[in-house]
Amino acid sequence: MALPDVVEFARNFAVMVRVEGPDPKGMKMRKHAFHQYHSGKTTLSASGMLLPDTLYDGEVAKRLYGQDNQCPVLVVTVASVVEPFLSLQHRQNIAKGPPELIPGVEIDVMVEGKMRSEDLDEGAPRWIGAKILTLADIPASALALQSITEASSGSPENGWEVGWSLASHGNGPQPIMDAIQKESHLTVGESGNFSLLGKSTTRIAILGVSLLPKDVPNIVISPLNKRGDFLLALGSPFGVLSPLHFFNSISVGSIANCYPPNSLNRSLLMADIRGLPGIEGGPVFGEHAHLIGIFIKPLRQKASGAEVQLVIPWEAMATACCDLLRKDPQNAEKGPGYKEGNFNAVGKAFLSDGKDLDGTFCYLHKHIDSYYPSQLAVEQAMGAICLVTCDDGVWASGVLLNNQGLILTNAHLLEPWRFGKTTVRGVRYGSQSEDLSFLTEESASLVQNRVEGNQKSQSLLPKSLKTVNTFLSNEFSGYKINSSYRGHRNIRVRLDHRQPWVWCDAKVLYVCKGPLDVALLQLEYVPDQLSPIIVDFECPSLGSKAYVIGHGLFGPRCGFFPSVCSGVVAKVVKATMPNSYSFSQEGNTQGQFPVMLETTAAVHPGGSGGAVVNSDGHMIGLVTSNARHGGGTVIPHLNFSIPCAALAPIFKFSEDMQDLSLLRILDQPNEHLSSVWALMPPLSPKPPPLPNLPQSLLEDNNKEGKGSRFAKFMAERQELLKKSIQLRRMERLSNEIIPSKL
């Protein structure tokens, strides 16, 4: 299926929900990023999804709708759009009885013109009256969100809030304590703060509208959701402000991570996709137009301002509302078909892409317009990405280079002061910190047991490994490990290449003293069946696909696999290749080689030291840093990586780990490379001499007065001063590393 076809099919289900009601004091819009207020009435909006009748029980829907002779079409949206208008009695006891709204509240749903009842003509989008049927908590998703926020809140700077960064201060993201005050009637036991946050964020509302069920096509539920899979979301951001401009806008991205990480029953997905206020409640589809779930409000980290877009899978919603919703379509009779001018291929046409001959689901890597290539290669590269922690609570990512346990990461993890970071706990540009305390087996299992029953999580546990000692020692081939790291840094590495995860102690083998932010770690004990990365030294082409794999935002206590964010190569900065790189000139022309990559894939704090891989799953760069606004907010899609070609000495060394002179190549000063990584332009060349002045001008100069001669004297002194400063600057560049502006 081509992407336009998937979009056209998805438009059959996407709607906008509008709720308008009396609000004399203007209080209903609190904690909403946008709204309309006029003459004592407040209007809120969100996105929603029409359900085909194969995904719900028609008899139950009739009973909730209150009309036995008419089965409504159901609409799923987020509860936050209707909760401000609930009656006081229902807000105090939200879990019992049908929802009651205050008098004067109206709910409408905007649908595409093709979705029509018998008395309406096909045309422009139109409003249809709706009735609220029920509110439902999604326990599995709420507990997943609770587990993530609990595990991520080991230090104040790593706290989370719910909402959009585009919201104003007064109506902005919802802090955890505000959520508690808003729902103070709920019982708060141990971890009650996070429990309330999870419940309020994942709660859904189900509406009924008077449409003909036959007008809503069948749909197939996505059988398996994996990191890196394609996502397409439809929603109406800012829709209430102007539906003409924002109704059913699309966003395209991929699945960044899944929770629980070790289960096929996903209860929460993290999406690498554009999210804007008002898109919550909108449907999310996979690459075969299979339904994945609905958008909800994002998590937003207080320190960095980074947003994590969240998706509730359909299976979690259907499980929570099992009396009304169905996990899989049943009694599907509406066959597939192409209507002229309206793509409406549904039902078995999509099942043929997702089912084997025996009826069991299998995942085929057929991709939209070949723009989203097979994820199998990228999945294999994930096994080479590891989590690196230090004893002071900082973590970052690393890349496994060989079967001897050599790990490539960033030097700023070990020496933050060299890169403009006052302390490792400063949580700046790529490394992240939290209070680490590796749990016992019993306590570590509690978080995941909430979601997966009796299955224990062993991801945080140190393991007794059947390993062999590495051949490295503190005095390795004449190279002594820096004594400042002995006994002062407890470095541990988590390998994710197999389950259960393996924790290993590591020691510092090399820290680059040159302009590149790289370091090497060596595992003290090497597990079996390692999965080292495959490297591509060719210069990537602009616009080529790029995947960033690393442990951004979520630290060791969360128990996540590395996240995957997709984008393209936006810029390649090149420099003249040093003579010492002669061994890596294969395929290189004109002595130029890449020294910096910029990608549009998201990089979050903690992702430093991760890998940038291409569509073949081969590493093309080492993630180093992203950028920030002046106020400290991270710009995740503006990031910088070191190309593999610039790290050729390290990869050459990793082959047999014998020739240490290769590493010393990187320690050599390089004026141009330093200026590139300091985000400074190279020094301007000496300006050309001025042309010969006409004789008349020279005669005029001889007649200068005192003021003119003084001005000339000051200009000459200023020029000498500039030359002196430039000379000292060049001398400093040749001996020192320029502090980076990143």
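In this text the structure is predicted, and so the values were computed from the model without any measurement. Throughout, numbering of the chain's residues begins at 1 and tracks the sequence.
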request  = Hey, could you give me the CG/CG distance between L310 and L269, rounded to the nearest 0.5 Å?
outcome  = 9.0 Å
message = Between L387 and W395, is there a side-chain heavy-atom distance shorter than 4.5 Å?
response = yes
key: Side-chain (D517) to main-chain (H412) donor-acceptor, under 3.5 angstrom   = yes
ask   = How about Y510 and F653: are their ring centres within less than 6.0 Å of each other?
value = no
task = Taking the six-membered ring for Trp and the full ring for Phe, Tyr or His, determine whether the centres of W160 and F554 are under 6.0 Å apart.
result = yes
message = Could you go through V508 and I491, starting from their C-alpha distance and side-chain angles, then the distance that decides it, and tell me whether this counts as side-chain contact (heavy atoms from CB on, under 4.5 Å)?
response = CA-CA 8 Å; V508 179; I491 300 174; 3.5 Å; yes
ask   = Between F537 and F651, is any pair of side-chain heavy atoms under 4.5 Å apart?
value = yes
key: Expected output: side-chain N639 to main-chain A601 donor-acceptor under 3.5 Å   = yes
query = Charged N to carboxylate O below 4.0 Å: is that the case for E415 and K513?
reply = yes
ask   = What's the spacing between F640 CZ and S625 OG if we round to 0.5 Å?
value = 6.0 Å
task = Starting at CZ of F560, measure out to SG of C258 and round the result to the nearest 0.5 Å.
result = 9.0 Å
message = If we ignore hydrogens and angles and just use 3.5 Å, is the side chain of S397 paired with the main-chain N or O of C386 as donor and acceptor?
response = no
message = Working note: L264 + L224, criterion side-chain contact (heavy atoms from CB on, under 4.5 Å); need CA distance, chi angles, decisive distance, verdict.
response = CA-CA 7 Å; L264 295 179; L224 182 62; 3.7 Å; yes
key: Heavy-atom donor-acceptor pair, T599 side chain to V569 backbone, under 3.5 Å   = no
ask   = Are any of the side-chain heavy atoms of Y259 and M270 separated by less than 4.5 Å?
value = yes
request  = Give, for atom CD1 of I620 and atom SG of C539, the distance between the pair rounded to the nearest 0.5 Å.
outcome  = 9.0 Å
key: Non-hydrogen atoms of C558 and I148 that approach each other most closely   = SG-O, 3.9 Å
note = Correct closest heavy-atom pair for L597 and V572 would be CD2-CG2, 3.8 Å
query = Rounded to the nearest 0.5 Å, how far does CE of M619 lie from CG of L647?
reply = 6.5 Å
request  = Kindly give the heavy-atom pair with the smallest separation between V6 and E287, and that separation in Å.
outcome  = CG2-O, 3.8 Å
query = Do you know which two heavy atoms are closest between K545 and G567, and how far apart they sit?
reply = CD-O, 3.4 Å
inquiry  = Are the side chains of V388 and L413 in contact, using a 4.5 Å heavy-atom criterion?
reply    = yes
task = Decide whether N614 and S544 meet the rule of one side-chain donor and one side-chain acceptor closer than 3.5 Å.
result = no
task = Compare every heavy atom of W677 with every heavy atom of V595, then report the nearest pair and how far apart it is.
result = O-NE1, 3.1 Å
inquiry  = Nearest 0.5 angstrom please: I635 CD1 to N626 CG, how far?
reply    = 8.5 Å
request  = For the residue pair N257 and S563, confirm or rule out a side-chain donor-acceptor distance under 3.5 Å.
outcome  = yes
key: Pairing of D496 and R494 as salt bridge, 4.0 angstrom limit   = yes
inquiry  = Side chains of T624 and S641 only: does a donor on one sit below 3.5 Å from an acceptor on the other?
reply    = no
task = For the pair S608 (side chain) and V623 (backbone), establish whether a donor and an acceptor sit closer than 3.5 Å, ignoring hydrogens and angles.
result = no
inquiry  = Could you tell me if the side chain of I650 sits less than 4.5 Å from the side chain of L401, heavy atoms only?
reply    = yes
task = Answer yes or no: is there a donor N or O on one side and an acceptor on the other, between the side chain of D229 and the main chain of I255, under 3.5 Å?
result = no
Donor-acceptor pair, side chain of H497 and main chain of Q529, under 3.5 angstrom = yes
ask   = Ignoring hydrogens and geometry, is there a side-chain-to-backbone donor-acceptor pair from D272 to S566 under 3.5 Å?
value = yes
key: Flag side-chain contact, heavy atom, 4.5 Å: L299 against L553   = no
V548/V564 under side-chain contact (heavy atoms from CB on, under 4.5 Å): CA gap, chis, key distance, verdict = CA-CA 6 Å; V548 169; V564 181; over 6 Å; no
request  = Test side-chain contact (heavy atoms from CB on, under 4.5 Å) on N225 and I292 and set out the steps.
outcome  = CA-CA 8 Å; N225 303 313; I292 291 178; 3.8 Å; yes
remark   = In short, V311 meets A271 closest at the heavy-atom pair CG2-CB, 4.2 Å
inquiry  = Between E379 and R227, is there a side-chain heavy-atom distance shorter than 4.5 Å?
reply    = no
Pair Q522, E524: side-chain N/O donor-acceptor within cut-off below 3.5 Å = no
query = With a 4.5 Å limit on heavy-atom distance, are the side chains of I533 and V535 in contact?
reply = yes
message = Donor-acceptor check, side chain of N402 to backbone of Q404, threshold 3.5 angstrom: yes or no?
response = yes
